[in-house]
A.B. asks: 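Take this structure, written in structure tokens, and hold onto it; I'll ask about it next.
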Amino acid sequence: MARVKADKYTQFVSQGFGKELAKKLGLPQPAILRRFDPTQPLISGPVLVIGSSAGADDLAHALLDWQLDVRRVATPKQKLGAIILVLDELADPTELSEPIRTAGASLRDLSPNARLVTISRPATADQEPAMAAARNGVDGILRSLAKELRAGATGNGIVLADGVRTVAPSALGALRFFLSGRSAFVDGQFLTVSTDAGEAPADWARPLEGKVAVVTGAARGIGAAIARTLARDGARLIVVDVPPAGDHLAAVANQVAGTALQLDITREDAGEKILAHAKERYGRIDIVVHNAGITRDKLLANMDQGRWDSVIAVNIAAQLRINRALLASPVFTAERPHIVSVASISGIAGNRGQTNYAASKAGVIGMVRSTAGLLAPLNGTINAVAPGFIETDMTAKIPFATREVARRLNSLQQGGQPEDVAETIAFLASDVAGGITGNVLRVCGQNLVGQ
Ligand code: NAD
């Protein structure tokens, strides 16, 4: 797979004269992020597992199977590849002090592009106030720490529902995702593992081996990257886009050795068309990625009906209609179906000029949470991925100055690449993520917009 390029500014300030100049002028110095490369180790350098619970011991033991150099105590001044903070038995906020200060003492030893991962339990309204305070405290710690990390290092958290073990398949799957270069642009975020479901792949380099995946809006941008990434991970692809994008779609289908389906997803019978194509060519569908989306920005005072209705039609109404058809068909429901929907941080935080788009993307999030309940009896999952600023044709249309500011407004001080969104989707679409459903995972470099 082609190496992902950083933007020109990031390349300029990452070495030599540019680096010196940026330092002198106090300009942002984004790092070249470590992205997934199957020929490279999962993480380089020792992994420090902090925590005294049985769950911490179990996890440290399980990580030895990944050929990691696992440490339970730090060696001063020795560089670390990752810190894993296991906080699965908190009952009171005072218990945070020791593990967090232990982690703090090692932060300066983190290598560039290192990882910090917390493992904790959810705070809920029915808990003792002290326990809920301690558990929710982890949220504040992780989000702050992610902002303190430097040189491409990221911090993310795994929240394990009560009863789910630290070594549950999806807990390990999420940990592996966060440690690896696949999560390069995911920062300051939490994934919730709600059950012990999920199954590790026979080969971690081909986690989607033999799966049949549908990707909408795959002729270009993020959709094309999703198709390439799912294919690299072993999936067979059906790529979908509107007829006018047919040539580009055919090129993507060729690249991934998949089949192209020219289809406007807003058609009443779009779901049936997808099912019929899949049944004829592959006999089934395992994964559906709802990626196709459009923007028609205007302040609401100037918004015409066409702009409003088209965005709702493509971005959410089509997904709802297609899902209804999918869930009614054994072509999709027979075996562990997975759906991943592309939302946006605009659907979380709102954005000026985007009431229509934000309504559709917040709608995707609502739809995903509700559909999780429908997929659970089928051992299926549905999750949303909410990209921040991603370098695509969509964002290339933003005027230069606005674009330059927008792409720096996150902890990693750069825009993400389509591949970053694609890697996250590939993880959520895999069987190891079977215990993760109804989540919204931001791929935004911890954008300052929203949470
Ligand atoms: P893009 O415009 O480059 O690509 C979108 C693709 O969807 C196009 O190929 C288009 O032809 C296709 N499409 C549009 N309407 C369709 C329809 N009715 N039927 C079938 N296909 C249709 O956009 P992108 O930047 O790659 O965005 C992909 C997704 O990511 C969208 O859902 C978008 O809202 C979301 N997103 C993008 C960003 C970003 O920064 N680029 C940020 C947040 C969310």
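The basis for the numbers below is simple: all heavy atoms, side chains too, and nothing from hydrogens, waters or symmetry mates.
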A.B. asks: Arg267: what forms a salt bridge (charged side-chain N to carboxylate O under 4.0 Å, His left out) with it, not counting sequence neighbours?
C.D. replies: Asp269
A.B. asks: Please report the shortest heavy-atom distance between Ser53 and Val86, naming the atom on each side.
C.D. replies: OG-CG1, 4.0 Å
A.B. asks: If the condition is side chain to side chain donor-acceptor pair (under 3.5 Å), which residues does Asn315 pass it with, not counting sequence neighbours?
C.D. replies: Ser360
A.B. asks: Measure the OG1-CD1 distance between Thr216 and Ile274 for me, rounded to the nearest 0.5 Å.
C.D. replies: 7.0 Å
A.B. asks: Are the side chain of Gln354 and the backbone N or O of Arg352 linked by a donor-acceptor pair below 3.5 Å?
C.D. replies: no
A.B. asks: Name the one of Arg35, Arg232, Gln417 that satisfies side chain to side chain donor-acceptor pair (under 3.5 Å) with Glu423?
C.D. replies: Arg232
A.B. asks: Would the distance check show the side chain of Asn383 and the main-chain N or O of Val340 forming a donor-acceptor pair, the cut-off being under 3.5 Å?
C.D. replies: no
A.B. asks: Counting only N and O atoms by type, is there a donor-acceptor contact under 3.5 Å from the side chain of Thr118 to the main-chain atoms of Ile84?
C.D. replies: no
A.B. asks: Does Gln255 have more than 12 heavy atoms from other residues, nucleotides or ligands lying within 6.0 Å of its CD?
C.D. replies: yes
A.B. asks: Anything under 3.5 Å between a donor and an acceptor, one on a side chain of residues 171-181, the other on a protein residue two or more places apart or in another chain? List them.
C.D. replies:
from, atom 1, to, atom 2, distance (Å)
Ser180, OG, Phe177, O, 3.1
Ser180, OG, Arg182, N, 3.0

A.B. asks: Counting N and O atoms only, with roles assigned by atom type, does the side chain of Thr402 sit under 3.5 Å from a partner on the main chain of Ile398, one being a donor and the other an acceptor?
C.D. replies: no
A.B. asks: Rounded to the nearest 0.5 Å, what's the gap from CG on Leu374 to CG on Leu326? Could you check?
C.D. replies: 12.0 Å
A.B. asks: List the atom of Asn439, the atom of Thr192, and the distance in Å for their closest heavy-atom pair.
C.D. replies: OD1-N, 2.7 Å
A.B. asks: For residues 384-394, which side-chain donor-acceptor pairs fall under 3.5 Å, sequence neighbours excluded?
C.D. replies:
from, atom 1, to, atom 2, distance (Å)
Glu391, OE1, Arg407, NH2, 3.0
Glu391, OE2, Arg407, NE, 2.7
Thr392, OG1, Met394, N, 3.2

A.B. asks: List in chain and number order the residues that pass salt bridge (charged side-chain N to carboxylate O under 4.0 Å, His left out) with Lys361, two or more places apart in sequence or in another chain; answer none if no residue qualifies.
C.D. replies: none
A.B. asks: So do Ile265 and Val314 actually touch side chain to side chain, heavy atoms under 4.5 Å?
C.D. replies: yes
A.B. asks: Can you confirm whether Phe185 sits close enough to Thr424 that some side-chain heavy atom of one is under 4.5 Å from a side-chain heavy atom of the other?
C.D. replies: no
A.B. asks: Are the side chain of Gln414 and the backbone of Ala31 linked by a donor-acceptor contact shorter than 3.5 Å?
C.D. replies: yes
A.B. asks: Can you name the closest pair of heavy atoms from Leu412 and Asn410 and give their distance?
C.D. replies: N-OD1, 2.9 Å
A.B. asks: Calculate, to the nearest 0.5 Å, the distance between atoms CD1 and CG belonging to Ile226 and Asn291 respectively.
C.D. replies: 4.0 Å
A.B. asks: Mark yes or no for whether Asn323, through its side chain, and Thr371, through its backbone, hold a donor-acceptor pair below 3.5 Å.
C.D. replies: no
A.B. asks: Would a distance-only check, ignoring hydrogens and angles, find a side-chain to backbone donor-acceptor pair under 3.5 Å from Ser111 to Ala114?
C.D. replies: no
A.B. asks: Find the distance between CG (Leu191) and CG (Leu160) and round it off to the nearest 0.5 Å.
C.D. replies: 10.5 Å
A.B. asks: Applying side chain to side chain contact (heavy atoms under 4.5 Å, CB included), run through Thr154 and Val186 and close with a yes or a no.
C.D. replies: CA-CA 7 Å; Thr154 61; Val186 183; over 6 Å; no
A.B. asks: Evaluate the side chain to side chain contact (heavy atoms under 4.5 Å, CB included) criterion for residues Val49 and Leu63: first the C-alpha distance (whole Å), next the side-chain angles of each, then the deciding distance (0.1 Å), finally the verdict.
C.D. replies: CA-CA 10 Å; Val49 179; Leu63 294 186; 4.1 Å; yes
A.B. asks: CD/Gln305 to CE/Met303 distance, rounded to the nearest 0.5 angstrom?
C.D. replies: 12.0 Å
A.B. asks: Can you tell me if Glu95 uses its side chain to pair, donor with acceptor, with the backbone of Ala91 under 3.5 Å?
C.D. replies: yes
A.B. asks: Run the side chain to side chain donor-acceptor pair (under 3.5 Å) test on Thr381 and His338 for me, step by step, so that the C-alpha distance in whole Å, both residues' side-chain angles and the decisive distance to 0.1 Å come before the verdict.
C.D. replies: CA-CA 5 Å; Thr381 67; His338 299 291; 2.7 Å; yes
A.B. asks: Is there any salt bridge (Lys or Arg N to Asp or Glu O under 4.0 Å) pair reaching into residues 106-121, and which pairs are they, with sequence neighbours excluded?
C.D. replies: none
A.B. asks: Using the test salt bridge (charged side-chain N to carboxylate O under 4.0 Å, His left out), find all partners of Asp139 that sit at least two apart in sequence or belong to another chain.
C.D. replies: Arg143
A.B. asks: Could you note down all residue pairs passing salt bridge (Lys or Arg N to Asp or Glu O under 4.0 Å) where residues 290-303 supplies at least one of them, sequence neighbours left out?
C.D. replies: none
A.B. asks: Is it true that a side-chain atom of Gln127 and a backbone atom of Pro122 form a donor plus acceptor pair closer than 3.5 Å?
C.D. replies: yes
A.B. asks: Write down the atom of Asp233, the atom of Ala426, and the distance for their closest heavy-atom approach.
C.D. replies: OD2-CB, 3.6 Å
A.B. asks: Looking at every non-hydrogen atom in both residues, tell me the closest pair between Ala82 and Ile43 and how far apart they are.
C.D. replies: CB-CD1, 3.9 Å
A.B. asks: Please identify each residue that fulfils salt bridge (charged side-chain N to carboxylate O under 4.0 Å, His left out) with Asp187, with sequence neighbours left out.
C.D. replies: none
A.B. asks: Indicate yes or no: at least one non-hydrogen side-chain atom of Leu96 is less than 4.5 angstrom from one of Val138.
C.D. replies: yes
A.B. asks: What pairs with Arg135 under side chain to side chain donor-acceptor pair (under 3.5 Å), at least two apart in sequence or on another chain?
C.D. replies: Asp162
A.B. asks: Which pair of heavy atoms, one from Leu33 and one from Asn113, lies closest together, and at what distance?
C.D. replies: CA-OD1, 3.6 Å
A.B. asks: Name all pairs fulfilling the ring pair (Phe, Tyr, Trp, His ring centres under 6.0 Å) condition that reach into residues 347-381, sequence neighbours left out, sorted by first residue then second.
C.D. replies: none
A.B. asks: Please lay out, stage by stage, how Thr229 and Glu419 fare under the test side chain to side chain donor-acceptor pair (under 3.5 Å).
C.D. replies: CA-CA 7 Å; Thr229 304; Glu419 286 73 10; over 6 Å; no
A.B. asks: Could I get the full list of side chain to side chain donor-acceptor pair (under 3.5 Å) partners for Ser170, not counting sequence neighbours?
C.D. replies: none
A.B. asks: Does Asp241 use its side chain to pair, donor to acceptor, with the backbone of Ala218 at less than 3.5 Å?
C.D. replies: yes
A.B. asks: Before you tell me yes or no, could you show the steps for His290 and Ile339 under side chain to side chain contact (heavy atoms under 4.5 Å, CB included), namely the whole-Å CA-CA distance, both residues' side-chain angles and the distance that decides it to 0.1 Å?
C.D. replies: CA-CA 8 Å; His290 289 300; Ile339 302 177; 3.7 Å; yes
